[in-house]
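Here's the structure we're looking at; comments come further down.
Just follow the structure's listing: the first ligand is 1, and inside any ligand the first atom is 1. Both backbone and side-chain heavy atoms feed into the values below; hydrogens, waters and symmetry mates do not.
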Amino acid sequence: MDKNKIQVIVVGAGPAGVSAAITIAKAGKQVLLVDRSDNIGDKNVFGGCIYTKQTAEIFYNFLDEAPLERAITEEKIIMLTDTNSTDISHRFNTSDNCLAYTVVRSKWDRWCVEQAQKEGVYYAPKTLVKELLFENGKVVGIKTQFEKYYSDIVIIADGVNSLLAKQIGLRNELTDKDVTLNIKEVYRLPKQRLEDRFKVNSNEGVAAKILGGPLKDMFAMGFMYTNKDTISLGFGVSLDELKKQKIKPYELMDKLKSHPSIACYIKDAEFIEYSAHMIPEGSFDKIPKVFDNGVMIVGDAAGFVNNVHFEGTNLAMLSGKLAGETAIFALEKYDVSASVLSMYYKKLKDSIIIKDLKTHNNTITTLKKNIKTITTLYPELMSEALSVIACPDGIPKSEKYNKLFNDIIKSGVIQKSIPLGIFAMEKCLKK
Ligand SMILES: Cc1cc2nc3c(=O)[nH]c(=O)nc-3n(C[C@H](O)[C@H](O)[C@H](O)COP(=O)(O)OP(=O)(O)OC[C@H]3O[C@@H](n4cnc5c(N)ncnc54)[C@H](O)[C@@H]3O)c2cc1C
C-alpha cells in the first residue's frame, strides 16, 4: 500500500464507520478507519441498546463473542405524575431470539474495532481529522493533525455534529431544533441486587422509557437501562425546549432521580459517571445530501436517528453497510463520481432508514404540539383511574366514578386525543 494513498478512508469508528469499513474490507478492498480517540468508545455516550437484526448483518458472531451486558426481556413505560407513577410493562419470558441488548460503549466499540482489524481494516486511533482534501470538485482525502492521506473515497462517520460534512457544504450548522441534549448518569449495584431489584434473571435486563413527572410539559423523555452491574439513567430533551423553560439540564436530572418512583431503582447504588451528548432530531425533511464526488455521509452525521423508537445504532450500522456496498461498486467501476455514488441514496430509499424517517417526518412536531396531553394529562388520569380501582378508602364507588368521569371531561383529554389518534392511524395506513 502506498503510504499515504488508500482506496477508502472512513472517518469515525462508531457503529456507522466500523460497519462501512468492515463491509469494504470483506470485499478485499483497502480501507483505513481513523478515530480521534486514544481508547475507542471511552468518550462515546450511549444509553442504551443495540439491535440484533442490523448488528448480526455486520457481526455474524456477536451473540457468542461480543461484550453484551444484558438481553432486553422487559420493555417498560413509566408514566410519572408529580408524586405517583403508572408502569406499562411488556415482558418476553425468554431471552432467546432477543431483539435488543444493552452494551457499554467503551467495551463494545473496542470489540467492534478488533473485528474490523481481523477483517483487514487498517485502524488509526488518536487521529483527529481536521479537514477534507478537495481537488477539482472532488473529495480526495483527509488532513489530520499529523499529515495528509489520500483516497478514492472518504466516508464521513464523525457523528452528530459533523464538522466535515459542514466543511464541504453538505450540512448546515445545527440549530436548537435539530438536536436533543441527552444527560446520562451511571450507577453501580452488585449484580444480584440489581437482578432482584429489576426482577430479572441472570443476563436478562430492562429497558424503560420515562414520561412526565419532572419531564412534564416539554419534549423530553427519560430512559433507564440495566447493564451487568450498572444502571444507566437519564433523559433527552429538545434544546429549544430547555431554552424556553429556562431550566438547567442538571436540575432536571436531580428532579428525575429524586422522584420516588425512580429513586427506588438507584437507592444505595454507587454513582460512577455523568455524561452529556447530543442526538439528532431525525426526520426525512432534515436529511442532507449524503453523497458527492468521492464522499458519502453515514450514521448520526447524516441525521439517521428515529427518535420516536429510540433507534440510532441500527440506522448507523445499516447506513454504513449501504455506503460500504456502494463504495465497492464504485471502486470496481473505477468511477467514484457523485452520479455513481448516488446509488447509496437509492439503497437508503429502499431501506428502513428513509422509509421510517418518512413515516415519522411530522411526528416530533405533532408530539411537541400535544406534549401537555402526553406528559401530564395521560399520566395523571391513568394514576387517578387506577386509584379508583385499587383503593378501598370508604368512599362510595358511585362518587369515585363520578369524580373520575368529570375529571376526564374537564381535562379535555378526549378531544385532545382525537387528532393524535387520527395522526397515528394515518401513519399506520400510509404505505
Ligand atoms: C444518551 C444516549 C442514549 C442512546 N441510546 C440509544 C439506544 O438505546 N439505541 C440506539 O440505537 N441508539 C441510541 N443512541 C444513539 C446512538 O448512540 C447513535 O445514533 C450512534 O452512536 C451513531 O453512531 P455513529 O457511528 O454515526 O456516531 P458516533 O457513535 O457518535 O461515532 C462517531 C465517531 O467519530 C469520531 N470522530 C468525530 N469527529 C472526528 C474527527 N474529526 N476525526 C476523527 N474521529 C472523529 C468520534 O470519536 C466517534 O468515535 C443514544 C445516544 C445517546 C447520546
Hey, is Phe304 one of the residues with a heavy atom under 4.0 angstrom from ligand 1?
no
So Glu75 and Arg91, salt bridge (charged side-chain N to carboxylate O under 4.0 Å, His left out) or not? Walk me through it.
CA-CA 7 Å; Glu75 298 269 2; Arg91 270 187 94 97; over 6 Å; no
Heteroatom distance test (Arg105, ligand 1): nitrogen or oxygen, under 3.5 angstrom
yes
Measure the distance from atom 27 (O) of ligand 1 to every protein heavy atom, then report the residue, atom name and distance (to 0.1 Å) of the closest one.
Gly159 CA, 3.8 Å
Between Thr81 and Glu380, do the side chains contain a donor N or O and an acceptor N or O under 3.5 Å apart?
no
Any side-chain donor near an acceptor of the partner, Asn201 and Glu195, under 3.5 Å
no
Within 4.0 Å of some non-hydrogen atom of Gly312, the atoms of ligand 1 are 10 (C), 11 (O), 12 (N), 19 (O)
Polar contact flag, side-chain donor to acceptor under 3.5 angstrom, Thr175-Asp178:
yes
Name the atoms and distances for all side-chain donor-acceptor pairs under 3.5 Å in residues 274-283, with sequence neighbours left out.
from   : atom 1 : to     : atom 2 : distance (Å)
Glu281 : OE1    : Lys368 : NZ     : 3.3
Glu281 : OE2    : Ser238 : OG     : 2.6

For ligand 1, find out whether one of its N or O atoms is nearer than 3.5 Å to an N or O atom of Val129.
yes
Taking atom types as modelled, is there a side-chain donor on Thr180 or Asn182 under 3.5 Å from an acceptor on the other?
yes
Per-atom contacts of ligand 1 with Val45, taking only distances under 4.0 Å to non-hydrogen atoms:
52 (C), 53 (C)
Nearest to atom 23 (O) of ligand 1 by heavy atom, Gly14, Gly299, Pro15: which?
Pro15
Under 4.0 Å, counting heavy atoms only: does Gly234 come that close to any atom of ligand 1?
no
Can you figure out which of Thr180, Asp300, Ile72 has its heavy atom closest to atom 18 (C) of ligand 1?
Asp300
Sub-4.0 Å atoms of ligand 1 with respect to non-hydrogen atoms of Ala316:
22 (C), 23 (O)
Short side-chain donor-acceptor distance under 3.5 Å, Asp35 and Ser37
yes
Could you tell me whether the side chains of Asn84 and Ser383 share a donor-acceptor contact shorter than 3.5 Å?
yes
So for ligand 1, is Arg36 a polar contact partner (N or O within less than 3.5 Å, distance only)?
yes
Decide whether an N or O pair under 3.5 Å exists between Ala16 and ligand 1.
yes
Counting each atom of ligand 1 from 1 as listed, which ones have a heavy atom of Tyr225 under 4.0 Å away?
8 (O)
Between Arg193 and Asp229, does any side-chain N to carboxylate O distance fall below 4.0 Å?
no
Considering Thr144, Asp158, Ile297, Val18 one by one, which has a heavy atom nearer to atom 39 (C) of ligand 1 than any of the others?
Asp158
If we only count N/O pairs under 3.5 Å, is Ile40 in contact with ligand 1?
no
I want to know if ligand 1 touches Cys49 in the polar sense, i.e. an N/O pair below 3.5 angstrom.
yes
Below 4.0 angstrom from a heavy atom of Gly12, which ligand 1 atoms are there? Numbered from 1 as shown, please.
33 (C), 34 (O), 35 (C)
So, Tyr187 versus Ser232: side-chain donor-acceptor pair below 3.5 Å or not?
no
Considering distance alone, does some N or O of Thr313 sit under 3.5 Å from an N or O of ligand 1?
yes
For ligand 1, which atoms have a heavy atom of His277 less than 4.0 angstrom away?
53 (C)
Distance-only side-chain donor-acceptor flag, Lys191 / Ser202, under 3.5 Å
yes
Residue-ligand contact Thr127/ligand 1, heavy atom below 4.0 Å
yes
Result block: side-chain N/O donor-acceptor pairs under 3.5 angstrom for residues 159-171, not counting sequence neighbours:
from   : atom 1 : to     : atom 2 : distance (Å)
Asn161 : OD1    : Lys166 : NZ     : 2.5
Ser162 : OG     : Asp158 : OD1    : 2.6
Ser162 : OG     : Asp158 : OD2    : 3.2
Ser162 : OG     : Ala165 : N      : 3.1
Lys166 : NZ     : Glu173 : OE1    : 3.3
Gln167 : OE1    : Leu132 : N      : 2.7
Gln167 : NE2    : Leu132 : O      : 3.3
Arg171 : NH1    : Ala301 : O      : 2.3

